Q: 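Quick one: the structure is below, and I'll ask about it shortly.
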Amino acid sequence: MHSAQNIGILSANILVSNGLRELLYEYSSLSKVQLYSSFENLLSGEEKHDILFVDDASYLIHAGKLSAKNIVVLVNQTPQKLDESPTPVLYTLCDEEEMIAQIGKLLSSISKETENNTKKEISDRERDVLVLVAKGYMNKEIADKLNISMNTVITHRKNITSKLGIKTISGLTIYAVINGMISPSEVS
Amino acid sequence: MTLITPDMKMADVIHGNYLLIPVINRFGIRLGFGEKTVQELCKEHSINPDFFITILNVYSHESYFPQSKMLTFDVVAIIDYLYETHVYYRETLLPQIENQFKSLMKNISKESKERYAIENFFLEYKKELLAHLKREEDFTFPYIVDLHAGKDIEKLKKQYSSKVFEKEHDNVDEKLFDLKNILIKYVHEKYDDNVLNNIIFELFRFERDLKDHTRIENKILIPIVQKMEQEKLSKNA
């Protein structure tokens with residue numbers, strides 16, 4: 001669940017975008033893939049995508065105006081041995097096995113940075129914050145108690161949630177109780 | 001799986017996706033339908049087949065959601081369906097999960113902090129969900145039915161606007177996910193594997209059902225209400 005990446009596919013060809021989405025659902029842990037049939041369609045969605053797949057025709061026209069962390073261009077060719085394009089590319093003329101291999105390679109190179117912190121255990125400081133959250137303190141109180149800024153508290157909380165995959169305060173509270181960080185009587 | 005069509009045998013629909021069994025129950029259709037088709041059963045139970053099939057298809061296909069079509073369905077039929085879903089949660093699913101938790105904890109010491117934390121979380125979750133369902137039944141649903149009937153009524157009170165509605169849905173969904181996640185990742189006690197596994201299966205199933213329910217409420221019910229409210233305002237103006 002931690003790889004809750006937000007993916008978009010921009011292609012006028014519904015068969016291409018649907019097919020790619022099916023492959024992503026089937027062979028990756030991606031669970032949210034939005035399809036756009038036109039550039040206007042993409043703009044009105046206002047979604048922030050971690051990865052945006054764009055067909056080559058749309059890319060040629062709109063390249064400068066696409067905003068996404070990673071852009072992958074769908075190129076209607078057989079895979080090239082020497083890939084010198086500056087942007088990541090997915091070659092669409094190949095068999096299914098090769099396509100899956102391409103997708104796998106692409107996703108693992110992209111997710112290296114983003115998934116880095118989700119694998120680790122929580123840090124000591126995050127643990128301090130977690131204990132106070134579980135005890136029912138508000139962000140402002142936590143900031144005062146630990147002598148850190150509100151923004152730092154919020155960042156710690158975001159990291160805790162992304163590492164543990166627990167979103168709610170009651171969820172964090174049982175995590176803290178189960179792991180002996182606080183006793184049940186300390187829960188307000 | 002293919003989209004469900006009126007001429008399909010109901011039995012084939014269920015063989016294709018057994019999770020639809022409680023869904024058809026909500027329409028009053030019970031197992032033992034022999035060779036009857038979807039259409040025949042709808043006729044027998046006086047159900048609008050178009051509505052019935054759309055609900056089944058939306059449930060079966062996570063990416064299938066014909067919003068513009070669904071917005072044209074009778075709002076009373078939608079509410080009836082949502083209400084039956086509530087009954088299923090309240091009278092079947094929640095008590096079932098609660099019993100499973102009881103049997104899970106049977107052999108775990110009462111001193112266990114973990115036992116305390118998990119039991120507490122579930123009870124709190126149950127309370128919150130029941131309160132949410134009740135608010136919809138006592139307040140939201142009657143309001144919409146009245147609005148639909150063209151009765152002259154006050155606007156839905158501010159404290160229970162569609163924003164609150166959506167926020168409560170998020171809460172209910174997120175807590176259920178957390179509970180499941182904690183049972184999968186962080187438990188230490190020596191639970192009976194089978195009982196714990198069954199609880200987790202049940203929670204996954206519940207999560208799936210709830211997601212569908214939330215989707216219908218947020219994407220269909222709320223837009224219909226907003227549209228009716230606007231029409232009423234412009235009529236009064």
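From a predicted model like this one, the values you see are computed outputs, not experimental measurements. Sequence lines set the chain letters: A, B, ... in the order given, protein chains first and strands last, and positions in each chain run from 1.
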Q: Count the heavy atoms belonging to other residues, nucleotides or ligands that lie under 6.0 Å from OH of Tyr25(A), then report whether that count exceeds 12.
A: yes
Q: Is Lys158(A) atom NZ crowded by more than 12 heavy atoms from other residues, nucleotides or ligands, each under 6.0 Å away?
A: no
Q: How close do Lys163(A) and Lys185(B) get, counting heavy atoms only, and between which atoms?
A: O-NZ, 4.1 Å
Q: So for atom CZ, which belongs to Arg26(B), do other residues, nucleotides or ligands contribute more than 12 heavy atoms lying within a distance under 6.0 Å?
A: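 More than 12 heavy atoms, drawn from other residues, nucleotides or ligands, come within 6.0 Å of this atom.
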Q: Spell out the residues in residues 204-216 of chain B that have some non-hydrogen atom less than 4.5 Å away from a non-hydrogen atom of chain A, in order of number; otherwise answer 'none'.
A: none
Q: Within a reach of under 6.0 Å around NZ of Lys126(B), are more than 12 heavy atoms found that belong to other residues, nucleotides or ligands?
A: no
Q: Below 4.5 Å from any heavy atom of chain A, which atoms of Glu189(B) appear? Answer side chain, backbone, both or neither.
A: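 Contact with chain A involves no heavy atom of Glu189(B) at all.
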Q: Looking only at atom types and distance, does a side-chain atom of Asn181(B) sit under 3.5 Å from a main-chain N or O of Leu164(A), one as donor and one as acceptor?
A: yes
Q: Tell me if the CD1 atom of Ile169(A) is crowded by more than 12 foreign heavy atoms within 6.0 Å.
A: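 No, CD1 of Ile169(A) has 12 or fewer neighbouring heavy atoms, counting only those of other groups under 6.0 Å.
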Q: So for atom OH, which belongs to Tyr83(B), do other residues, nucleotides or ligands contribute more than 12 heavy atoms lying within a distance under 6.0 Å?
A: no
Q: Relative to chain A, which of Val187(B), Leu179(B), Asp178(B) shows the most heavy atom pairs under 4.5 Å?
A: Asp178(B)
Q: Tell me, do Thr168(A) and Tyr125(B) make a side-chain contact under 4.5 Å, heavy atoms counted?
A: no
Q: Just so I understand: if I count every heavy-atom pair under 4.5 Å between each of Gly180(A), Ser183(A), Ser170(A) and chain B, which residue has the most?
A: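 Ranked by contacts with chain B, first place is Ser170(A).
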Q: Hey, mind stepping through Ile166(A) and Tyr186(B) against side-chain contact (heavy atoms from CB on, under 4.5 Å) and telling me if it holds?
A: CA-CA 11 Å; Ile166(A) 303 176; Tyr186(B) 301 117; 4.0 Å; yes
Q: Which of residues 90-120 of chain B get closer than 4.5 angstrom to chain A, counting heavy atoms alone?
A: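 Hits under 4.5 Å: Lys113(B), Glu114(B), Tyr116(B), Ala117(B), Ile118(B).
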